[in-house]
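Below: one structure, written as structure tokens.
Every value quoted in this text rests on a predicted model; they were computed, and no experiment measured them. Values reported hereafter were calculated over all heavy atoms of this structure, with side chains retained and with hydrogens, waters and symmetry mates removed.
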Amino acid sequence: MNETMVCVVGNVATQPVYLESSTGPTARFRLAVTARYLDRGKNVWTDGHTNFFTVWARRSLATNVAASVSVGDPLVVQGRLKVRSEQREGQGWLSADLDAAAIGHDLSRGTSAFRRSARPEGRPGPQLGTSAQPEPTWETAPAGRQETRDEPRTSAEPQPGLEPTEVT
């Protein structure tokens, strides 16, 4: 099935609503996306039309949205676009929903401090502060010496075959 995947950048317009259900956690909020353009006649930036999207987050994304997102935050949201039409009191209504796959703060407009969420009990994985693999060395081995992947060179080891030279 073809799906319309989009990436939108905007500001959170409503406080996220977090719900627990039998199918797992869900969070939703409204995102305001306003186009801006340069009015060359006045030489000023002008706001264009504002589009509002209802953003839906599920499972761990919903939990993290509830803990991280507030009204006014600039966000980048990537997900599936779903446009719905319905009749309300005899009038036709269109709504645009985003089923979010990823949500993050827009770092072009501010800073953010990432904190990894805790893993649920019984779920395998490395603990915070540890790594599953040793830290790689990014240095190049000197000519004539081959490093093994199991024994990376440390900066304290002498480098055989390299002697100081004078440049004239």
Side chain to side chain contact (heavy atoms under 4.5 Å, CB included) filter on Gln91, not counting sequence neighbours, yields Trp93
Salt bridge (charged side-chain N to carboxylate O under 4.0 Å, His left out) contacts touching residues 46-55 (sequence neighbours left out)
Arg36-Asp47
Can you give me the closest heavy-atom contact between Leu94 and Ser85, atom names plus distance?
CD2-CB, 3.5 Å
Identify all side-chain donor-acceptor contacts of residues 55-62 below 3.5 Å with residues at least two apart in sequence or on another chain.
none

Between Val83 and Leu98, is there shared hydrophobic-cluster membership here, with clusters defined by ILVMFWY side-chain heavy atoms closer than 4.5 Å?
yes
Check which hydrophobic residues are tied to Val17 through side-chain heavy-atom contacts below 4.5 Å, counting indirect links as well, and list them.
Leu19
Can you list the residues that meet the side chain to side chain contact (heavy atoms under 4.5 Å, CB included) rule with Ser21, with sequence neighbours excluded?
Thr23
Sequence neighbours excluded, every pair satisfying salt bridge (charged side-chain N to carboxylate O under 4.0 Å, His left out) that has a member inside residues 102-114:
Asp106-Arg109
Show the nearest heavy-atom pair for residues Gly10 and Val33, with the distance to one decimal.
CA-CG2, 4.2 Å
Show me the donor-acceptor pairs, under 3.5 Å and distance only, between side chains in residues 66-78 and residues at least two apart or in other chains.
unit_1, atom_1, unit_2, atom_2, d
Ser68, OG, Asn64, O, 2.9
Asp73, OD2, Ser70, N, 2.9
Asp73, OD2, His105, NE2, 3.3

Go through the steps for Leu31 and Thr14 under the test side-chain contact (heavy atoms from CB on, under 4.5 Å), then give the verdict.
CA-CA 8 Å; Leu31 186 74; Thr14 62; over 6 Å; no
Quick one: side chain to side chain contact (heavy atoms under 4.5 Å, CB included) partners of Gln87, sequence neighbours excluded?
none
For Ser95, side chain to side chain donor-acceptor pair (under 3.5 Å) partners two or more places apart:
none
Does Thr54 have any side chain to side chain donor-acceptor pair (under 3.5 Å) partners at least two apart in sequence or in another chain, and if so, which?
Arg30
How far apart are the closest heavy atoms of Leu81 and Ala96, and which atoms are they?
CD1-CB, 4.2 Å
Considering residues at least two apart in sequence or located in another chain, which fulfil the salt bridge (Lys or Arg N to Asp or Glu O under 4.0 Å) criterion with Arg88?
Glu86
Taking all non-hydrogen atoms of both residues, which atom of Thr63 and which atom of Tyr18 are closest, and how far apart?
OG1-OH, 3.5 Å
Check side chain to side chain contact (heavy atoms under 4.5 Å, CB included) between Thr46 and all other residues, then give those that pass, not counting sequence neighbours.
Tyr37, Asp39, Val44
